[in-house]
Each structure stands twice: as structure tokens, then as C-alpha cells.
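For reference, the structure discussed in these notes is given below.
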Amino acid sequence: MNRLMSIKEVAHQMGCSHVTIYRQVEVGTMIQPIRMGNRVLFPDSEIGPIVNARIKGLDDEQIKQLVIELIGKRGEL
């Protein structure tokens, strides 16, 4: 079961500010959030692979491709 994380939780897990998360979304190195009412939420099952990619040292272009793949899988649910 997917858990939805707040922007604050994602920023904490990534070790950066929420502003940095929004910038990453803009450039395509972070998944687009899901909006539920006035809340901005991120599926934890999509955050984990991005964190792992950063740990492995993937460059931004590789992470952008990963983000595209993760977003594509949303339609398969």
C-alpha cells in the first residue's frame, strides 16, 4: 500500500528544503505531486527510487528518465 508523504516529509527524507523539492519538480528531477484538496502529497513508493538513484550517483538526465518512468507507472494502477 502506498503511503502519501507531505512536502515536509519528502524534504526531510531528501535532506533539503521544500523549496528545493519544488525546484526539482520544475526541472523534472522529482515526481509531480498529487494534489488532494489543498494538500500536496508524494507517493512514498516513488520517492524511494529517486533517493536510491541519488545515492547511486545517477546524473540529472538519468533521474529525469526515472521520473518519467515512475509517472508512467501511475496509469498502470
Side-chain angles (χ1 to χ4, degrees):
M1 176 183 226
N2 278 333
R3 179 172 137 1
L4 296 174
M5 300 172 66
S6 70
I7 185 75
K8 183 178 177 180
E9 291 173 305
V10 173
H12 178 75
Q13 184 170 349
M14 298 288 288
C16 61
S17 71
H18 70 280
V19 174
T20 299
I21 298 297
Y22 284 124
R23 285 184 186 141
Q24 291 175 349
V25 169
E26 286 178 18
V27 298
T29 57
M30 176 58 70
I31 56 169
Q32 290 286 331
I34 296 167
R35 299 198 182 271
M36 295 180 74
N38 63 349
R39 298 196 65 200
V40 175
L41 303 167
F42 297 81
D44 65 349
S45 63
E46 295 175 0
I47 298 298
I50 294 171
V51 171
N52 290 336
R54 292 277 181 205
I55 291 169
K56 290 178 183 176
L58 272 60
D59 65 30
D60 283 350
E61 291 306 313
Q62 292 170 309
I63 292 175
K64 286 178 184 180
Q65 186 59 43
L66 173 62
V67 167
I68 291 167
E69 292 170 15
L70 291 169
I71 297 295
K73 289 181 182 178
R74 286 183 181 176
E76 296 174 8
L77 300 176

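Excluded from the calculations below are hydrogen atoms, water molecules and symmetry mates; all remaining heavy atoms, backbone and side chain alike, are included.
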Given the rule that I, L, V, M, F, W and Y join up when any side-chain heavy atoms are under 4.5 Å apart, are M36 and I21 in one cluster?
no
Backbone N or O of D59 within a donor-acceptor pair of the Q62 side chain at under 3.5 Å?
yes
Does the side chain of L70 come within less than 4.5 Å of P43's, by heavy atoms?
no
Report the C-alpha separation of D44 and E9 in whole Å, then their side-chain angles, then the decisive distance to 0.1 Å, and conclude whether the side-chain contact (heavy atoms from CB on, under 4.5 Å) test is met.
CA-CA 10 Å; D44 65 349; E9 291 173 305; over 6 Å; no
Answer yes if I47 and I7 sit in the same cluster of Ile, Leu, Val, Met, Phe, Trp and Tyr residues linked by side chain heavy atoms under 4.5 Å apart, and no otherwise.
yes
Looking at every heavy atom in both T29 and V67, which two are closest together, and how far apart are they?
C-CG2, 3.8 Å
Looking at D60 and R54, is there a salt bridge between them, counting it only when a charged N and a carboxylate O are closer than 4.0 Å?
yes
Which heavy-atom pair separates Q32 from I71 by the least distance, and what is that distance?
N-CD1, 3.8 Å
Decide yes or no for M30 and T20: does some side-chain heavy atom of the first lie under 4.5 Å from some side-chain heavy atom of the second?
no
Heavy-atom nearest pair, S17 first then A11, reads C-CB, 3.7 Å
Closest non-hydrogen atom pair, L66 against P49
CD2-O, 3.5 Å
State, with a plain yes or no, whether a side-chain heavy atom of M5 is found less than 4.5 Å away from one of L41.
no
Same apolar cluster: V40 and V27, side chain cutoff 4.5 Å:
no
Is it true that I68 and I31 fall in one hydrophobic cluster, defined by side-chain heavy atoms closer than 4.5 Å?
no
Count I, L, V, M, F, W, Y as connected when their side-chain heavy atoms are under 4.5 Å apart, and connections chain through other members. Are L4 and F42 then in the same cluster?
no
Applying side-chain contact (heavy atoms from CB on, under 4.5 Å) to I34 and R74, what does each step give before you reach the verdict?
CA-CA 11 Å; I34 296 167; R74 286 183 181 176; 4.0 Å; yes
Check this for me, if you would: do K64 and E61 make a salt bridge, where the nitrogen-to-carboxylate-oxygen distance has to be below 4.0 angstrom?
yes
